[in-house]
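The basis for the numbers below is simple: all heavy atoms, side chains too, and nothing from hydrogens, waters or symmetry mates. Proteins come first, then strands; the chains are lettered A, B, ... in the order of their sequence lines, and each starts at number 1.
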Amino acid sequence: LAAQLSLSLAECPGTGSAQAGRAAACQGCPNQGLCAAGAAGPDPAEAAELRARLRAVRHTVLVLSGKGGVGKSTFSALLAHGLAADETKQVALLDIDICGPSIPKMMGLEGEQVHQSGSGWSPVYVEENLGVMSVGFLLSSPDDAVIWRGPKKNGLIKQFLRDVDWGEVDYLIVDTPPGTSDEHLSIVQYLSATHIDGAVIVTTPQEVSLQDVRKEINFCRKVKLPIIGVVENMSGFVCPKCKNESQIFPPTTGGAEKMCQNLNVSLLGKVPLDPQIGKSCDRGQSFLAEAPESPATLSYRNIIQRIQEYCEQHHLQEEKII
Amino acid sequence: ALIKQFVTDVAWGDLDFLIVDTPPGTSDEHISTVEALRPFQLLGAILVTTPQAVSVGDVRRELTFCRKAGLRILGIVENMSGFVCPHCSECTNIFSKGGGEELAKHAGVPFLGCVPLDPQLSQSLEEGRDFIQEFPKSSAFPALTHIAQQILDTSQRSS
């Protein structure tokens, strides 16, 4: 069985290929139906709809992690806050973690509902220039569980892209659930109707997390999703009392730095642990605003700047081609 | 299909306990796992959270999943609950404190205990070593053994 499994993972023809969903290796893959239904993504009519809706979105960044619990949603929320600090920029944060939608709470929007307007679903706004959408806003109770299989989750993701009236957006940040599953495949395929600048992958320094990041990098390469870079979270802790540093999540195999060197991927930065991060998130506040002097804030800001630079360069290159 | 195969086609032999580690969420894998294990003696589910409200928020939904699936809830574990600096012994609640315990109280399920952040635990997991055998003096050891004991007691009462 192990031989069969590793063979089929290695032999995934790639979701964009003509063989997608049809190759022998596709048998039993949970995404077989999705791939076979449309090798290049949504059908032409749907693709046109999505393109029209997302036409006014300048940059799209996907935030991925191989593993749960590495701080991906925290990072997505802070990336959105960081970009929106520039009031001239319009930022949108889309939470497609259907089973565990933490973004509403982190953005201080718990209990908010989605309103429908003539032009579609309205995002919920944190600031004038920062709008959010999440399945969390569609649930009436904090105890409600979304116990859906893949195809139903994919359907909601498509709706989020098609029916939300984002308006003119400079940056669309998409927060994903951990792993490489239905949601990831569908978001990449639906967004192929427009474009994605790239993906940011969040990890902790441990090998058990990096193992999953390597798979995530593989996924990105298979679906031709550019990788903006990797963020190493929970990278050391400085005791507030004695100021000594501890590696709570030890980088036993060289951490993200070594992995990035080996795989020729950018390391965007390392963020240390800071108890204030969790506190700010729990209260729906921006950690960057509440703790501007923290070393973690400095790291986040540097990382956000590098992401912005990547997106702007990418845009310039595209314009050159046109 | 793979999950069902893992349950029915693996030659586990005579087992006292089968521990099933699941991915985060309430989706295909969870539904399939419960369905595949239903014919067997399901003792119940342990829910792991970190102390922060954001994590607890997701675990509330997981609790609903367990109830809908008819899964007995053995209890809640509050993981990464505090870090004791090895240099000066100051305890810092890096990921807050108390959320797991509060959730257990609110939901009327047993609270199994807090497990602190422990670099020795992380290290031994990275190296594939048996933490319980090798680090009996570390900070996570009493918490983990206490939790294991409660599960043993529960299983004895059930049989």
Is it true that [Y] and [X] share a donor-acceptor pair across their side chains at a distance under 3.5 Å?
X	Y	value
B:N79	B:T50	no
A:T204	A:N233	no
A:S186	A:K158	no
B:E102	B:H106	no
B:E35	B:S32	no

(message) I'd like to know if A:E290 and A:K279 make a salt bridge, using a cut-off of under 4.0 Å between side-chain N and carboxylate O.
(response)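 A salt bridge is absent here (no side-chain N lies under 4.0 Å from a carboxylate O).
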(request) Decide if atom CD of A:E257 counts as having more than 12 heavy atoms of other residues, nucleotides or ligands within a radius under 6.0 Å. (result)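 Open.
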Shorter than 4.5 Å, heavy atoms on both sides: which option in [options] has the most such pairs with chain A?
options	value
B:I31, B:L117, B:I94	B:I94
B:E127, B:Q123, B:E62, B:H87	B:H87
B:A69, B:P119, B:G57	B:P119
B:E29, B:R67, B:H30, B:E90	B:E90
B:L63, B:T64, B:D28	B:D28
B:P86, B:S55, B:A53, B:G99	B:A53

Pick from [options] with the largest number of heavy-atom pairs that fall under 4.5 Å of chain B:
options	result
A:L139, A:T74, A:D274, A:D97	A:L139
A:P178, A:P101, A:G136, A:C281	A:P101
A:P250, A:C242, A:G68	A:P250

So what's closer than 4.5 Å to chain B heavy atoms on [X]: side chain, backbone, both or neither?
X	result
A:I98	neither
A:S141	backbone
A:P177	neither
A:Q206	both
A:T252	both
A:K153	side chain
A:C239	side chain

(message) Can you confirm whether or not the ring centre of A:F237 sits under 6.0 Å from the ring centre of B:F83?
(response)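 For A:F237 and B:F83, the ring centres are under 6.0 Å apart.
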Atom group of [X] that falls short of 4.5 Å from chain A, counting heavy atoms:
X	result
B:F65	both
B:S96	side chain
B:D58	side chain

(request) Please report the C-alpha distance between A:E207 and A:R214 in whole Å, then the side-chain angles of each, then the deciding distance to 0.1 Å, and finally whether the salt bridge (Lys or Arg N to Asp or Glu O under 4.0 Å) criterion is met. (result) CA-CA 10 Å; A:E207 176 57 24; A:R214 291 190 195 98; 3.0 Å; yes
(message) Could you check whether any side-chain N or O of A:T297 sits under 3.5 Å from a backbone N or O of A:A291, counting only pairs where one atom can act as donor and the other as acceptor?
(response) yes
(message) Below 30° counts as parallel, above 60° as perpendicular, anything between as tilted: where do the rings of B:F141 and B:F131 land?
(response) tilted
(message) I'd like to know whether A:D144 forms a salt bridge (Lys or Arg N to Asp or Glu O under 4.0 Å) with B:R61, so could you lay out the CA-CA distance, the side-chain angles of the two residues, the decisive distance to 0.1 Å, and finally the verdict.
(response) CA-CA 6 Å; A:D144 283 346; B:R61 305 191 197 278; 5.9 Å; no
